[in-house]
Amino acid sequence: MVDFASLPGMDPILKSADELGFGDAIAHALSGKASIKDVVELYRAPLWLVGAAARAVTDSVSGRRVGFIVNVIFNYTNVCVIGCKFCAFYRKPGSPDSYRIAVRDAVASIKDYWERYGIRQVLFQGGVDPSIPLEYYEEAFKGIKEATRGEVAIHGLSVVEIEWLAKTSGLSIKELVSRLREAGLDSVPGGGAEILSDRVRRLVSPIKSTAGTWLDVMDQVMEMGIPISATMVYGHVETLEERAEHLLKLLDLQRRRGLIMAFTAWNFEPENTELASEVPYPVGGTELLRTVAIARLVFRDELKWIQAGWLTAGTRLGQVSLDYGANDWGGTLYEERVMPAAGVPLPHLAREFIKKTIAGAGYVGYERDNWYRPLEPVN
C-alpha cells in the first residue's frame, strides 16, 4: 500500500495544512479514512492546498500521462417519463420535437463514425421511454458489434434506464443485464447518480429511484463482472455534506467491487431547465477544480482515473483540472446532444487536437480503450 503522506513534495503541503488547520482532514483522506466531516473541511480549505496534495497523489498514480478515447455519444431517444428538473434534453411522450432513432439508423450512424474516425466506444444513452422494448437494445447492440467487427465497445444505459427496462420486461436486474451483455454491452456509465442523497433526489428528480437503488443496481452490475463509471452533478441544491456523502458512498462501492473505472464531476448547467428558477447560474470553475482535487484525495489510487470534466466547464478549465488531480480527458464526444440542449456549445475534438490540448497543459496525452488501457506506447 502506498504511503501517500510520504510522497515526494508532500511534506511541505502537510506542514502548511497543519498550520492552516486542515492537517487532520488531509491526513485522514490520504490514509483512506476520510469522514463526511473531513471531506467538508477539504471543501473549505484553500484551493491551492487541496490542489497541490491531489496533484502529488496523481503523480504517484499515473505520472504526467493523460488518457483519452475517441468515441461517439449516441442519444437514441429524447423521450423520457422521469422529468428531472435539471435536464434540458428530455421531451415528454408525444411532444412534437421528440424522437427515437430506428435500430438500422443507429447502427449505420455508429458504423459511419467507426469508418471515418476509428471510434473505440459508443456511449449509448437516452431517456426513459417505457414503450421501447428490450429487443430494440439487443438488436442495436448486436448490430453495432457486427458492423464494427467488435472494435467498438458499448458503454451503455444509465441505472435508471436499466431499472425501468427491467420493470417493463418483467426481468430482474441481473437477468436483464445478462441479456444486454450477451447482445454486446461492455460497461455501464454512471449517469443518474447526480447526488446520492435522497433529500436532493426528491427535490430535483422525484420520480427517480433512491440513492440506495442506484448503488444496488451498480453493485449487481459489477457483481456480474461488468465495469462501470461514476459521476457527480454538483452545483444545484445539494449541501457540502451531501457532496461528501456522495464521494464516500462511491468509495465504499469501489471497495466492495473494485470495478469503477473512472469518476467524472459535472457542474449543473441551468439554462432551459425547470431548476433554473431556483438555481439561475452555474457555479464557477473553481468548484470543478476543488471537486476534482477532493475526489483524488478521497479516492487516491483506489479509483485510478478521474476525468477532467471539460464537457460542461470548457477545454481551458479542463486543462487546469489536470493540475488538480485529473488524469483522463474523457472522449471526443461526437454527436453529444444533452449539453447543447442546456446551451453549452461543444467543440468537435479529434485525436491530434486533444493531444495538443493536453500537451498545452504540460502533460502527455495518449489514446486508450474503453477499459482505460493504452492503445499506444506511453512514455
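The basis for the numbers below is simple: all heavy atoms, side chains too, and nothing from hydrogens, waters or symmetry mates.
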Between [X] (side chain) and [Y] (backbone), is there a donor-acceptor pair under 3.5 Å?
| X | Y | answer |
| --- | --- | --- |
| T58 | A54 | yes |
| T264 | T231 | no |
| D38 | S35 | yes |
| S229 | G190 | yes |
| R65 | V364 | no |
| K111 | G143 | no |
| N78 | D97 | yes |
| S169 | A166 | no |
| T213 | S209 | no |
| E287 | G284 | no |

Handout entry: Output field: ring centroids Y137/Y76 closer than 6.0 Å
Key = yes
Heavy-atom closest pair, residues [X] and [Y]:
| X | Y | result |
| --- | --- | --- |
| K145 | A183 | CG-O, 4.3 Å |
| A308 | G318 | CB-O, 3.7 Å |
| A45 | V50 | CB-CG1, 4.0 Å |
| N370 | S187 | ND2-OG, 3.1 Å |
| L49 | I13 | CD1-O, 3.6 Å |
| G360 | Q319 | C-NE2, 3.9 Å |

Can you tell me how far apart [atom1] ([X]) and [atom2] ([Y]) are? Round to the nearest 0.5 Å.
| X | Y | atom1 | atom2 | value |
| --- | --- | --- | --- | --- |
| T210 | L215 | OG1 | CG | 8.5 Å |
| L176 | L180 | CG | CG | 4.5 Å |
| L253 | W214 | CG | CH2 | 6.5 Å |
| L123 | H155 | CG | NE2 | 5.5 Å |
| N71 | Q121 | CG | CD | 4.5 Å |
| L165 | R179 | CG | CZ | 9.0 Å |

Do [X] and [Y] make a side-chain contact, defined as non-hydrogen atoms from C-beta onward lying under 4.5 Å apart?
| X | Y | value |
| --- | --- | --- |
| M222 | I260 | yes |
| K249 | H246 | no |
| V159 | V221 | no |
| V70 | F68 | yes |
| T291 | Y43 | yes |
| V177 | I173 | yes |
| Y366 | V66 | no |
| I162 | V188 | yes |

Handout entry: Joint hydrophobic cluster, W114 plus L375, side-chain heavy atoms closer than 4.5 Å
Key = no
Practice task
Give me the ring orientation class for F74 and F124: parallel if the planes are under 30° apart, tilted from 30 to 60°, perpendicular past 60°.
Solution key: parallel
Practice task
Take the angle between the ring planes of W329 and W310 and call it parallel below 30°, perpendicular above 60°, tilted in between.
Solution key: parallel
Problem - Residue pairs, two or more places apart or on separate chains, that pass salt bridge (charged side-chain N to carboxylate O under 4.0 Å, His left out) and touch residues 45-60 - result: R55-D59
Please check if any side-chain donor atom of [X] sits under 3.5 Å from a side-chain acceptor atom of [Y], or the reverse.
| X | Y | answer |
| --- | --- | --- |
| S197 | E238 | no |
| E242 | T239 | yes |
| N327 | Y372 | no |
| S178 | E175 | no |
| S60 | D301 | no |

Exercise for the section: Using the ring of Y234 (Phe, Tyr or Trp, six-membered ring only), decide whether R243 places NZ or CZ under 6.0 Å from its centre and within 45 degrees of its axis. Expected result: no
Practice task
Using the ring of W164 (Phe, Tyr or Trp, six-membered ring only), decide whether K167 places NZ or CZ under 6.0 Å from its centre and within 45 degrees of its axis.
Solution key: yes
Salt-bridge criterion met for [X] and [Y] (N-O under 4.0 Å):
| X | Y | value |
| --- | --- | --- |
| D112 | R116 | yes |
| E223 | K174 | yes |
| R351 | E367 | yes |
| K208 | E194 | yes |
| E138 | K142 | no |
| R199 | E245 | no |
| D328 | K304 | no |

Problem - Over 12 non-hydrogen atoms of neighbours within 6.0 angstrom of CD in E135 - result: yes
Exercise for the section: Give a yes or no on this: more than 12 heavy atoms of other residues, nucleotides or ligands lie within 6.0 Å of atom CZ of R104. Expected result: no
Fill in the blank from the handout: Sequence neighbours excluded, the answer for side-chain hydrogen bond (donor to acceptor under 3.5 Å, both in side chains) partners of E302 is R255, R300
Problem - Residue pair T357, R316: steps toward the side-chain hydrogen bond (donor to acceptor under 3.5 Å, both in side chains) verdict - result: CA-CA 8 Å; T357 301; R316 289 189 178 181; over 6 Å; no
